[in-house]
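Okay, structure first, notes after.
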Amino acid sequence: MKVFVTGASGHVGSALVPELLGAGHEVVGLARSDASAAKLEAQGVTVQRGDLDDLDGLRKGAAEADAVIHLAFKHEEMYAGDYQGASDADLAVVRAFLDELAGTGKALVGTAGTLSYSGLGRTATEEERIPSEGPRGAARNAIIDAQGVRGSVVVLPPTVHSELDTAGFIPILIRTARATGVSGYPRDGSNRWSAGHTRDAARLYRLAAEKAPAGSVLHAVGEEAITMKEIAEVIGRKLGVPVEGIPEERAQEHFGPLAFMVSRDAPTSAERTKSLLGWEPEEPGLLEDLESGFYFDER
């Protein structure tokens, strides 16, 4: 297949591109900078210059491809506090893809996050329905409800980890611990995040593009639940700083852009995903990756 990928030079994209090429697919990658374009060209990827605001260019990329994998998101806006604005931009991109692909039966694989399951009070499954009013909810629902398109959504845990992860939530928590001298966790640290390895997620995206049935929700989860206290304890030990609970009134001061996410509790299962696509996580777990030390190198 010819696969058009947004975010092809980013964290997950850096694992997805070789995954797709290794499976014999042709890849067209969206690149907004010269550096991203050069990185993709060096891997044998056809580059389409543009960004998430270039909806006509995105439609062109989708029209000329057999499948679309949409990874890119305006993370800069999200970290600056405008999560809704970033989500609105994402919805515009998804609608542009759906308009272009309508009636073709081509695959469109979108992206969502497991923290959207926060507040359920139980382990989330692929059957959960997310309100369209929430951040990224409308884009997720538009893809899985689409007619005439083989739409699926890969739901990523907040900790997609590997040596390729240089700007995600784990690096931010480490930088925060270095800057403040404290490896913090919210309140008593009992809230749980799911986790998954970058290369396991990349394999799932490829399988989704190849064979996921229309309307599939797929969880890229290798570990259902790791407490924030467990994560903070490893970070504190590796950095040699104290580990402390951060009360709610100090969360914004300590965690900065992660304050609105770090206290969420969202354990998540991937059992249906494994059964549906024959996908099995194969890579190391989050705490093992943290213990290995590469996250603490000055990269």
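Heavy atoms only: backbone and side chains are in, while hydrogens, waters and symmetry mates are out.
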Practice task
Tell me, with the steps shown, if Met1 and Glu210 meet side chain to side chain contact (heavy atoms under 4.5 Å, CB included).
Solution key: CA-CA 8 Å; Met1 292 190 300; Glu210 291 173 345; 4.2 Å; yes
Handout entry: side chain to side chain contact (heavy atoms under 4.5 Å, CB included) evaluation trace for Leu204 with Lys274
Key = CA-CA 9 Å; Leu204 184 56; Lys274 296 173 185 177; over 6 Å; no
Practice task
Would you please test Phe97 and Leu58 for side chain to side chain contact (heavy atoms under 4.5 Å, CB included) and show each step?
Solution key: CA-CA 7 Å; Phe97 283 144; Leu58 296 175; 3.8 Å; yes
Exercise for the section: List the steps and the verdict of side chain to side chain contact (heavy atoms under 4.5 Å, CB included) for Ser190 and Tyr185. Expected result: CA-CA 9 Å; Ser190 62; Tyr185 53 83; over 6 Å; no
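Panel note: side chain Thr104, backbone Leu101; a donor-acceptor pair is recorded below 3.5 Å. In this structure, the side chain of Lys106 does not engage the main chain of Val68 through any donor-acceptor pair within 3.5 Å. Ser183 contributes a side-chain N or O that, together with a main-chain N or O of Ala232, makes up a donor-acceptor pair within less than 3.5 Å. Of the possible donor and acceptor atoms, one in the side chain of Ser162 sits under 3.5 Å from a partner among the backbone N and O of Leu164. In terms of modelled atom types and a separation under 3.5 Å, the side chain of Glu163 and the main chain of Phe294 share no donor-acceptor contact. Judged by distance alone, the side chain of His219 and the main-chain N or O of Ser269 form a donor-acceptor pair under 3.5 Å. Remark: side-chain polar atoms of Arg49 are paired, donor with acceptor, to backbone N or O of Ala31 under 3.5 angstrom. In this structure, the side chain of Asp51 engages the main chain of Asp54 through a donor-acceptor pair within 3.5 Å.
His70 and Asp90 are linked by a side-chain donor-acceptor pair at a separation below 3.5 angstrom, with hydrogens and angles left out of the test. A donor atom on one side chain and an acceptor atom on the other are not found under 3.5 Å apart for Glu283 and His161. Between the side chains of Tyr295 and Asp165, at least one donor-acceptor pair of N or O atoms lies under 3.5 Å. Checking Thr111 against Tyr205 by side-chain atom types alone, a donor-acceptor pair falls below 3.5 Å.
Inter-residue side-chain proximity for Phe4 and Lys60 is flagged as unmet; no heavy-atom pair is nearer than 4.5 Å. Thr46 is not listed as a side-chain neighbour of Gln48, based on a closest heavy-atom distance of 4.5 Å or more. Lys211 is listed as a side-chain neighbour of Leu277, based on a closest heavy-atom distance under 4.5 Å. Using a 4.5 Å heavy-atom cutoff, the side chains of Thr166 and Pro171 are not in contact. Proximity of Glu271 to Thr125: side-chain heavy atoms (C-beta onward) are nowhere separated by under 4.5 Å. For the pair Tyr117 and Ser194, the minimum side-chain heavy-atom distance is 4.5 Å or more. Annotation: side chain of Ile172 is not in contact with side chain of Phe255 (no heavy-atom distance under 4.5 Å). In this structure, the side chains of Thr176 and Leu173 stay at 4.5 Å or more apart for every pair of heavy atoms.
Once rounded to the nearest 0.5 Å, the distance linking OG1 of Thr114 with CH2 of Trp193 reads 9.0 Å. If you take CD1 on Ile143 and OG on Ser216, they are separated by 12.0 Å, rounding to the nearest 0.5 Å. For the atom pair Asp34 CG and Ser36 OG, the distance stands at 9.0 Å (nearest 0.5 Å). Between the CZ atom of Arg264 and the OG atom of Ser116 there is a distance of 8.5 Å, given to the nearest 0.5 Å. For the atom pair CG (Leu108) and CD1 (Ile69), the distance works out to 9.5 Å, reported to the nearest 0.5 Å. Rounding to the nearest 0.5 Å places CD1 of Ile144 at 11.5 Å from CD of Glu126.
Cluster annotation: Val221 and Leu276 are assigned to distinct hydrophobic clusters (Ile/Leu/Val/Met/Phe/Trp/Tyr, side-chain heavy-atom contacts under 4.5 Å, transitive). Both Ile226 and Ile170 are members of a single hydrophobic cluster when ILVMFWY side chains are connected at heavy-atom separations under 4.5 Å. The hydrophobic clustering, which links ILVMFWY residues whose side-chain heavy atoms are closer than 4.5 Å, places Val155 and Val93 together. Hydrophobic clustering, with ILVMFWY side chains joined whenever heavy atoms are under 4.5 angstrom apart, groups Leu71 together with Val154. Phe169 and Val234 end up in the same hydrophobic cluster when Ile, Leu, Val, Met, Phe, Trp and Tyr side chains are linked at under 4.5 Å.
Around the CZ atom of Arg95, the shell of radius 6.0 Å holds no more than 12 heavy atoms that belong to other residues, nucleotides or ligands. A 6.0 Å sphere centred on CZ of Arg32 holds no more than 12 heavy atoms belonging to other residues, nucleotides or ligands.
Using a cutoff of 4.0 Å between basic side-chain nitrogens and carboxylate oxygens, Asp145 and Arg140 are not scored as salt-bridged. Using a 4.0 Å cut-off between charged nitrogen and carboxylate oxygen, Arg192 and Asp265 count as a salt-bridge pair. Comment: Arg122 engages Glu128 in a salt bridge, judged by a side-chain N to carboxylate O separation of less than 4.0 angstrom.
The side-chain hydrogen bond (donor to acceptor under 3.5 Å, both in side chains) test with Lys74 singles out one residue from Asp53, Asp88, Asp82, and that residue is Asp53.
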For a quick test of your reading: what N or O donor-acceptor pairs under 3.5 Å do the side chains of residues 10-22 make, sequence neighbours left out?
{"residue": "His11", "atom": "NE2", "partner": "Thr198", "partner atom": "OG1", "Å": "2.7"}
{"residue": "Ser14", "atom": "OG", "partner": "Ser9", "partner atom": "O", "Å": "3.4"}
{"residue": "Ser14", "atom": "OG", "partner": "Gly10", "partner atom": "O", "Å": "2.6"}
{"residue": "Ser14", "atom": "OG", "partner": "Lys39", "partner atom": "NZ", "Å": "2.7"}
{"residue": "Glu19", "atom": "OE2", "partner": "Arg206", "partner atom": "NE", "Å": "2.6"}
{"residue": "Glu19", "atom": "OE2", "partner": "Arg206", "partner atom": "NH2", "Å": "3.2"}

For residues 235-251, tabulate all N or O donor-acceptor pairs below 3.5 Å that involve a side-chain atom, not counting sequence neighbours.
{"residue": "Arg237", "atom": "NH2", "partner": "Glu291", "partner atom": "OE1", "Å": "3.3"}
{"residue": "Arg237", "atom": "NH2", "partner": "Glu291", "partner atom": "OE2", "Å": "2.1"}
{"residue": "Lys238", "atom": "NZ", "partner": "Glu291", "partner atom": "O", "Å": "2.9"}

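Between Val94 and Ala142 the shortest heavy-atom distance is CG1-CB, 4.3 Å. In this structure, Ala208 and Arg150 approach most closely via the heavy-atom pair O-NH1, 3.2 Å. When all heavy atoms of Ala63 and Glu100 are compared, the pair lying nearest together is CB-OE2, 3.4 Å. Minimum interatomic distance between Gly222 and Pro281 (heavy atoms only, all atoms of both residues): CA-CG, 3.8 Å. The minimum heavy-atom distance linking Asp289 with Pro284 is given by the pair OD1-CB, 3.7 Å. Ala72 and Thr6 make their closest contact through N-OG1, 3.1 Å (heavy atoms, listed as atom of the first residue, atom of the second, distance).
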